[in-house]
Each structure stands twice: as structure tokens, then as C-alpha cells.
Amino acid sequence: QELKGEVRFERVSFFHSDHPVLHNVSFHAQPGQTIGLLGETGAGKTSLLHLIPRLYEKHSGEIYLDDNPIEVFDTKSLRKQISLVPQDVHLFSGSVRSNIAWGKENAKMSEVVEAAKQAQIHSFIKTLPDGYDTVLGQKGVTFSGGQKQRLSIARALVRKPKILILDDSTSALDAYTEMKLLNSLKTQQCTVFIVAQKISSLKEANQILLLHQGKLIAQGSHEELLNESPYYREVFQS
Ligand code: DCP
Ligand code: MG
């Protein structure tokens with residue numbers, strides 16, 4: 001089934017083994033929106049996001065994608081349309097091009113370049129000795145943390161996802177590059193979930209979900225949270 005990119009959680013709770021991780025989480029993301037996730041380490045951000053492509057199965061409550069319960073989607077077709085950039089980036093020894101096209105080996109060169117441009121890594125790639133054919137890894141060039149993050153975002157974008165999940169994938173970017181990246185994502189027809197440690201990364205999000213020990217303690221726009229949540233103001237505004 002083709003996704004439109006709408007995601008709705010209704011009183012979702014989730015356990016890892018016997019350990020409660022998410023408790024009664026409800027939110028509604030419209031297609032094309034940017035949803036920020038904020039919360040201290042261990043708050044449950046990654047766990048929540050991993051439920052969307054069905055990387056974890058057992059939750060209570062309901063998750064809907066475009067009004068269909070998530071259980072009706074087969075995981076293969078879901079993961080084709082949902083790109084998740086994990087917290088730990090995995091690049092392999094091989095060309096820049098093959099690293100971007102990983103998982104979509106039939107991607108055309110023009111699509112690889114387009115994704116790299118959107119991920120704000122194209123101009124850097126052009127400065128490499130062999131451009132997109134430059135080899136990464138042991139015998140090749142090494143990327144910085146922020147360059148690796150942008151390469152893995154390009155890898156996610158080349159699949160033209162309906163839902164893009166950036167799990168702390170912009171932490172190594174300077175504020176200016178991050179802003180350009182987020183602006184370019186807004187022009188895509190996809191729903192974006194972005195975990196960040198700083199409010200500044202999420203100011204433009206349609207909604208911010210503030211998690212604390214597995215509970216959604218506040219949700220709303222940046223302005224709404226500034227007004228309504230002392231925790232938001234005190235902990236994350238810096
Ligand atoms: N947890 C677990 N087993 C796993 C993954 C997580 O028991 N395989 C636990 C550890 C935390 C809780 O679940 O107590 C939430 O973990 P998350 O990874 O979802 O937390 P965050 O992504 O919010 O944390 P961080 O900011 O460190 O990435
Ligand atoms: Mg995490």
C-alpha cells in the first residue's frame with residue numbers, strides 16, 4: 001500500500017522485556033509535517049520512532065498510518081516507504097555513490113546527486129578527488145561526523161520516503177547547515193520525525209513532542225511549549 005505519511009498514536013505503551021519504555025503516548029502527525037522529538041537520554045525517543053516501521057511488534061494502544069491500523073501493512077512495503085537514519089551511522093568501504101545508493105542499488109546517478117544536494121553534502125563531495133567515485137573507508141578517505149551524518153541522510157532521501165526519521169542525525173551539524181537541510185526537507189512530500197538535543201533544531205517544527213521517562217509531558221509548537229512548559233524552558237533552552 002502506498003503511504004500518504006499520516007501517523008497517529010493512540011495511547012501507545014511499550015515495554016522492552018519487562019521494562020516500561022513508553023506510557024500512553026498519543027499524537028497525530030499530518031502528511032508533510034515536521035515533528036520534533038525532545039527528551040533526556042533514555043526518555044524513549046528511539047523506541048517510539050522504531051515502532052513506526054514496525055521494528056518492534058508488541059505495543060498496546062493503537063498506531064494508525066493513514067487511518068489504517070499499522071498491523072495491516074507488511075513490514076517490507078513499510079520499510080520501503082519509511083526511511084530511518086539510525087543514531088549510529090553505518091558507512092561501508094566503497095564509493096560515495098554506492099554508500100548513498102545502498103538499499104536502492106538501481107538508483108540513477110541523477111537521483112543520487114539530487115539526494116546529496118538535499119542532504120547538503122553535494123558540494124563537499126564535489127571537492128573529493130574522485131567526486132562520487134571516491135572510496136570511503138580503510139583505504140580511502142575518512143568523513144567527519146557531520147559529513148557521515150549528511151551522507152546517511154542522502155542515503156535515506158534517495159529512496160524518496162513518505163516518512164523520514166532522523167534519530168539524532170543532525171547533532172554534528174553546525175546550526176547553519178542544519179537549517180539549510182531542514183528547509184530543503186520541507187520541500188519534500190514527506191513527513192519528517194527529527195530527534196534533537198537542542199530547541200534551536202526544532203523551532204520550525206509543526207509540533208514538538210516532549211518525552212520524559214516514557215511519557216509525553218508536553219506537545220505543541222515551539223511558542224506553545226515556551227508558554228506552557230517550564231520543563232521545556234528550563235531544560236532545553238540553551
Ligand atoms: N531499552 C531497552 N532495550 C532496548 C532499547 C532500549 O531496555 N533494546 C530501554 C533503555 C531506556 C528506554 O528503553 O530505558 C528508552 O530507550 P530509548 O533508546 O528509546 O531512549 P532515547 O532514544 O530517548 O535515548 P537517547 O537519547 O540516549 O538515544
Ligand atoms: Mg535514542
Side-chain angles (χ1 to χ4, degrees), residues 7-29 33-63 65 70 75 78-79 82-91 119 145-146 148-153 155-157 161 163-175 178 181-182 185 191-203 205-220 222 225 229-238:
V7 179
R8 192 151 51 93
F9 275 47
E10 281 185 6
R11 303 176 67 85
V12 172
S13 298
F14 176 70
F15 291 75
H16 273 302
S17 321
D18 284 335
H19 177 71
V21 174
L22 292 175
H23 184 72
N24 258 340
V25 171
S26 302
F27 68 87
H28 190 174
Q33 283 195 332
T34 301
I35 310 298
L37 274 91
L38 201 58
E40 80 280 354
T41 179
K45 305 178 294 294
T46 298
S47 303
L48 184 158
L49 293 173
H50 281 201
L51 288 170
I52 300 173
R54 295 188 71 184
L55 292 171
Y56 299 134
E57 286 300 336
K58 282 196 221 129
H59 60 269
S60 63
E62 292 295 338
I63 301 175
L65 302 176
I70 197 167
T75 50
L78 271 191
R79 287 169 205 167
I82 302 175
S83 286
L84 188 149
V85 182
Q87 217 163 348
D88 308 305
V89 175
H90 296 288
L91 301 182
K148 281 183 194 158
Q149 286 185 336
R150 281 176 286 160
L151 198 76
S152 61
I153 293 170
R155 175 189 288 170
L157 287 171
I163 299 173
L164 173 66
I165 299 172
L166 302 177
D167 193 352
D168 224 345
S169 312
T170 58
S171 55
L173 304 189
D174 60 88
E178 184 181 40
L181 170 75
L182 295 177
L185 293 181
T191 309
V192 180
F193 289 89
I194 172 171
V195 174
Q197 302 300 333
K198 307 165 289 199
I199 285 184
S200 63
S201 314
L202 303 176
K203 270 189 177 151
N206 299 93
Q207 298 178 54
I208 298 168
L209 309 179
L210 183 52
L211 281 169
H212 178 62
Q213 296 177 354
K215 295 193 179 103
L216 200 50
I217 58 165
Q219 67 188 105
H222 172 65
L225 292 190
S229 171
Y231 181 74
Y232 183 75
R233 283 197 300 270
E234 282 159 29
V235 180
F236 296 102
Q237 195 172 40
S238 53

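In listed order, ligands and their atoms are each counted from 1.
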Are the side chain of K215 and the backbone of N24 linked by a donor-acceptor contact shorter than 3.5 Å? no
Has the side chain of R54 got a donor or acceptor atom that lies under 3.5 Å from a matching backbone atom of L78? no
Quick one: look up the protein heavy atom nearest atom 5 (C) of ligand 1 and list residue, atom name and how far away it is. H16 NE2, 3.1 Å
Is there a donor-acceptor contact under 3.5 Å linking the side chains of Q87 and T46? yes
V21 N/O under 3.5 Å from ligand 1 N/O: no
Keeping S26 on the side-chain end and E10 on the backbone end, is there a donor-acceptor pair under 3.5 Å? no
For ligand 1, which is the ligand I care about here, please tell me if Y56 has any N or O atom under 3.5 Å from one of the ligand's N or O atoms. no
Taking only non-hydrogen atoms of A43, do any sit less than 4.0 angstrom from ligand 1? yes
At under 4.0 Å between heavy atoms, what of K45 touches ligand 1? The answer is both
Q149 side chain vs A172 backbone, donor-acceptor pair below 3.5 Å: yes
May I ask you to check whether T46 has an N/O atom sitting below 3.5 Å from an N/O atom of ligand 1? yes
Short question: side chain of Q207, backbone of H28 - any donor-acceptor pair under 3.5 Å? yes
Give yes or no for whether the N/O distance cutoff of 3.5 Å, strictly under, is met between G42 and ligand 1. yes
Taking the side chain as every heavy atom from C-beta outward, state whether F193 and D167 have any atom pair closer than 4.5 Å. no
Per-atom contacts, ligand 1 versus S47 - under 4.0 Å to a heavy atom: 15 (C), 16 (O), 17 (P), 19 (O)
Return a yes/no value: protein heavy atom under 4.0 Å from atom 10 (C) of ligand 1? no
Non-hydrogen side-chain atoms of L38 and Y232 separated by less than 4.5 Å: yes
D168 side-chain N/O to A196 backbone N/O, donor-acceptor pair under 3.5 Å: no
Backbone of G146 reached by a side-chain donor or acceptor of R150 within 3.5 Å: yes
Short list, please: which atoms of ligand 1 are under 4.0 Å from a heavy atom of Q87? 25 (P), 28 (O)
Heavy-atom nearest neighbour in the protein, as seen from atom 14 (O) of ligand 1, with distance rounded to 0.1 Å: H19 NE2, 3.1 Å
Please answer whether the main-chain N or O of A175 pairs with a side-chain N or O of K198 as donor and acceptor at a distance below 3.5 Å. no
I need the nearest protein heavy-atom contact for atom 27 (O) of ligand 1: residue, atom name and distance, please. T41 OG1, 2.5 Å
Just the protein N/O/S atoms under 2.8 Å from the Mg ion (ligand 2), please, no waters. T46 OG1, Q87 OE1
What about the rings of Y56 and H16, do their centers lie closer together than 6.0 Å? yes
